[in-house]
Amino acid sequence: MDIANKKWETLCSKEDIASRVEELGRQISQDYEHKKLFVVSLLKGSFIFASDIVRSISVPVKIGFMTTSSYEDKFESKGSVSVLHDVKEDIEGYDVLIVDDITDSGITMNYVVEHLKAKKAASVKSCVLLDKPSRRAVDYQADYIGFTIEDKFVVGYGLDYSDYYRNIPYVFAVTDEDR
Ligand code: IMP
Ligand code: MG
């Protein structure tokens, strides 16, 4: 199945995203004014959001990248996460802000927070563009949230469908209706 022939419902327009990113950037800049901010962007989903959010931050910031993959284990209630590419920089003593595209089950973020705390970061917080609270499998809440959405599969602005559509500059939900 492809989604090219399905109707797309825009959830967050380019303008919605731009103004929310500005607000989040202002808040983060205030909160990290006298701290040692280190943003860790989770690839690939957050690459566009992270690039916008760091440009809306006005305090000094270092940036690193991490790639994880998550597996749904049929035999366990919890999925497991593996690190495909770890953050290369030494983050000891830094105030780490993890940036991701979406919190769905929460399993990825829950894991990455602990993984980065173990590297002796001074603090570890998280910022996500989207939050789907109804899908949570573990008790996790991001510290900065762009938009809270219903349980719909969403695509665009970094989020993919079979690795496509990350370049669409807005967030949309795929409907069952044909175009
Ligand atoms: P979690 O570990 O279940 O919270 O999911 C984390 C990852 O699943 C996200 O970083 C996304 O890459 C992916 N994901 C979850 N929901 C969606 C969606 O609606 N569209 C595209 N990717 C999603
Ligand atoms: Mg993905």
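What you see is a predicted model, and the numbers here were worked out from it, not measured in a lab. Just so you know, ligand 1 is whichever comes first in the structure, and atom 1 is the first atom listed for that ligand.
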*Are R166 and D101 close enough for a salt bridge, meaning some N to O gap below 4.0 Å?*
no
*With a distance cut-off below 6.0 Å to the six-membered ring centre and an angular limit of 45° from the axis, does K36 pair with Y94 as a cation-pi contact?*
yes
*asked:* Can a donor-acceptor pair be found, under 3.5 Å and without considering hydrogens, that links the side chain of T175 to the backbone of K7?
replied: yes
*Does the R136 side chain pair with the main chain of D104, one donor and one acceptor, at a distance under 3.5 Å?*
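Flag set: sc R136 to bb D104 pair under 3.5 Å.
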Within a distance under 4.0 Å of any heavy atom of [X], pick out the atoms of ligand 1 and give their elements.
X    : answer
D100 : 10 (O)
G106 : 1 (P), 3 (O), 4 (O)
L159 : 20 (N), 21 (C), 22 (N)
K152 : 19 (O)
D160 : 21 (C)
T108 : 1 (P), 2 (O), 5 (O), 6 (C)

*Looking at ligand 1, does G45 have a heavy atom less than 4.0 Å from it?*
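False for this residue.
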_Yes or no: does K44 have any heavy atom under 4.0 Å from an atom of ligand 1?_
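No heavy atom of K44 comes that close to ligand 1.
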First locate atom [atom1] of [X], then atom [atom2] of [Y], and finally report the distance between them rounded to the nearest 0.5 Å.
X    : Y    : atom1 : atom2 : answer
Y161 : I168 : OH    : CD1   : 14.5 Å
K152 : L130 : NZ    : CG    : 12.5 Å
M66  : I91  : CE    : CD1   : 8.5 Å

*asked:* Please compare D101, I149, N110 and report which has the shortest non-hydrogen distance to atom 9 (C) of ligand 1.
replied: D101
*asked:* I'd like the name of whichever of K132, R166, R136, R135 reaches closest to atom 19 (O) of ligand 1 through any heavy atom.
replied: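 Minimum heavy-atom distance to atom 19 (O) of ligand 1 goes to K132.
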*Under 3.5 Å, N or O to N or O, is V154 touching ligand 1 that way?*
yes
_Taking CG in D139 as the centre, count heavy atoms belonging to other residues, nucleotides or ligands within less than 6.0 Å. Is the count above 12?_
no
*Of the backbone atoms (N, CA, C, O) and the side-chain heavy atoms from C-beta on, which set of D104 has a member under 4.0 Å from an atom of ligand 1: side chain, backbone, both, or neither?*
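Both backbone and side chain of D104 come within 4.0 Å of ligand 1.
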